[in-house]
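Order of listing sets the numbers, starting from 1, for every ligand and every atom in it. Values below: every heavy atom of this structure, side chains too, minus hydrogens, waters and symmetry copies. Quantities reported herein were computed from a predicted structural model and do not represent experimental measurements.
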Amino acid sequence: MGHWPPTMPAPGELTFAEPRRAKPPRHLADLAPDERRAVADELGEPAFRIRQVATHYFGRLVDDPAEWTDLPADSRLRLAETLTPRLMTPVRELACDEGTTRKTLWRLFDGALVESVLMRYPDRVTLCVSSQAGCGMNCPFCATGQAGLTRNLSTAEIVEQVVAANRALARGDVPGGTGRVSNVVFMGMGEPLANYAAVVGSLHRMTDPVPDGVGLSARGVTVSTVGLVPRIRDLAAAGLPVTLAVSLHAPDDELRDELVPVNTRWPVAEVLAAAWDYAARTRRRVSIEYALIRDVNDQAWRADRLGELLAGHLVHVNLIPLNPTPGSKWTASRRQDEATFVRRLEAHGVPVTVRDTRGREIDGACGQLAAVAEDR
Ligand code: SAH
């Protein structure tokens, strides 16, 4: 298997155009711990200064340099400008479920727009993050897919979504008392494995302990992918025991070619083989995402076909009632078809849950994130 994305497109290989753009400002959250010393030297500061700033940024969640009172007053501003430049500005904030589901629309340094969604449950706080502005995967049922790819996010732009959510939780902005993000799902805008290096960097920053990172447990982090097989294998080798979610949506190549166009490059059998290797290496149960679309992929025979493919593996199926996107010809399955689908999977011994559709009223539910909606 060649490198993906290919530098030279091979015949018949899918390529995704990536417009050339200015890079987001370098930020502390872009730096691995072993890269910090070089930056300290460049700034003419002792290495422990970076550690102090990192403690404020990741640990105390203090972003105003005036409050960095353990640092010399005359270097605070300069350190803030060079290490924690503003990466994103909130453009709009929408809440529902009594304020426990909150979607934030962010404007990035170059005007690109992305969204993140915070969901507070009694026992956890899950943040759904974006890894790209837009997406190049073109899945016809997904709102983000309609607009195409604007650009990849940097590591820090991904991490900052988590830190910003932690700041909001620490301020008590979310009903339920102060708290912290406990789970991160890469189910916002973008295909995380098409922005592999920045995403893996962000996984390290999220799971490294304070002050090297946010200090999340890798078990609480889920990377969701359309199934870029070589990158799934890279992720398995990266030694980060995050949960892998595969957006399958169909058990057969004929239908999956239509629903998840990258399937023409890596078909169902190859994607699942990579997923099983991932499960074997990480001992983490793989999540199979399946959006139930009325009369498209919700037939009982497809449930059986799916059950046969998955039975006996370290797997869990997440059925997602389709959130119809504006102008879509598709809609969610009938209740009885959904129930039959669940029963057929269970009959194969495959664990299955139907995902709640939190955030629907604020277009914050699965697959509805499309920042361009701002201009509607
Ligand atoms: N690119 C990644 C992350 C996308 S969003 C991926 O494809 O996995 C996370 C999940 O929401 C994916 O499983 C995606 O297929 C699903 N999704 C997208 N649009 C949807 C919609 N309109 N209704 C329900 N689920 C949707």
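The distance from ligand 1 to the heavy atoms of F186 drops below 4.0 Å at these ligand atoms: 3 (C). The ligand atoms of ligand 1 that sit less than 4.0 angstrom from a heavy atom of M187 are 5 (S), 9 (C). Close approach of ligand 1 to G190 is summarised as follows: ligand atoms under 4.0 Å from at least one heavy atom of the residue are 1 (N), 2 (C), 3 (C). Shown in contact with I320 at under 4.0 Å from a heavy atom are these atoms of ligand 1, numbered in order with element: 24 (C), 25 (N). Counting the atoms of ligand 1 from 1 in the order shown, those under 4.0 Å from a heavy atom of C142 are 18 (C), 19 (N). Contact atoms of ligand 1 toward V226: 6 (C), 7 (O), 8 (O) (distance under 4.0 Å to a heavy atom of the residue).
Follow the hydrophobic side-chain contacts under 4.5 Å out from F109 and you never reach L87; the two are in separate clusters.
Counting heavy atoms closer than 4.0 Å to ligand 1, residue T144 contributes nothing at all.
Where the criterion is an N or O separation shorter than 3.5 Å, residue side chain and backbone included, T325 fails it with respect to ligand 1. For a threshold of 3.5 Å applied to N or O pairs, the pair formed by A143 and ligand 1 contains no separation below that value. Considering backbone and side-chain N/O of F141, one or more are found under 3.5 Å from N/O of ligand 1.
Counting only distance, with no hydrogens or angles, the side chain of Q146 and the backbone of P140 share a donor-acceptor pair below 3.5 Å.
Of the candidates S247, C135, S224, the one placing a heavy atom closest to atom 13 (O) of ligand 1 is S247. In this structure, of Q132, E289, H249, the residue bringing a heavy atom nearest to atom 14 (C) of ligand 1 is H249.
Using a cut-off of 4.0 Å between Lys/Arg side-chain N and Asp/Glu carboxylate O, R205 and D208 are scored as salt-bridged. For the pair D252 and R305, the salt-bridge criterion is not met [side-chain N within less than 4.0 Å of a carboxylate O]. Salt bridge E45/R78: present, at least one basic N to carboxylate O contact under 4.0 Å. Between R26 and E35, none of the side-chain N atoms (NZ, or NE/NH1/NH2) sits under 4.0 Å from a carboxylate O, so this pair counts as no salt bridge.
Under the rule for a ring-ring contact (aromatic ring centres under 6.0 Å, His included), the partners of W68 that lie at least two apart in sequence or sit in another chain are H56.
Evaluation of the ring-ring contact (aromatic ring centres under 6.0 Å, His included) test over residues 316-352, restricted to residues two or more places apart or in two chains, returns Y290-F341.
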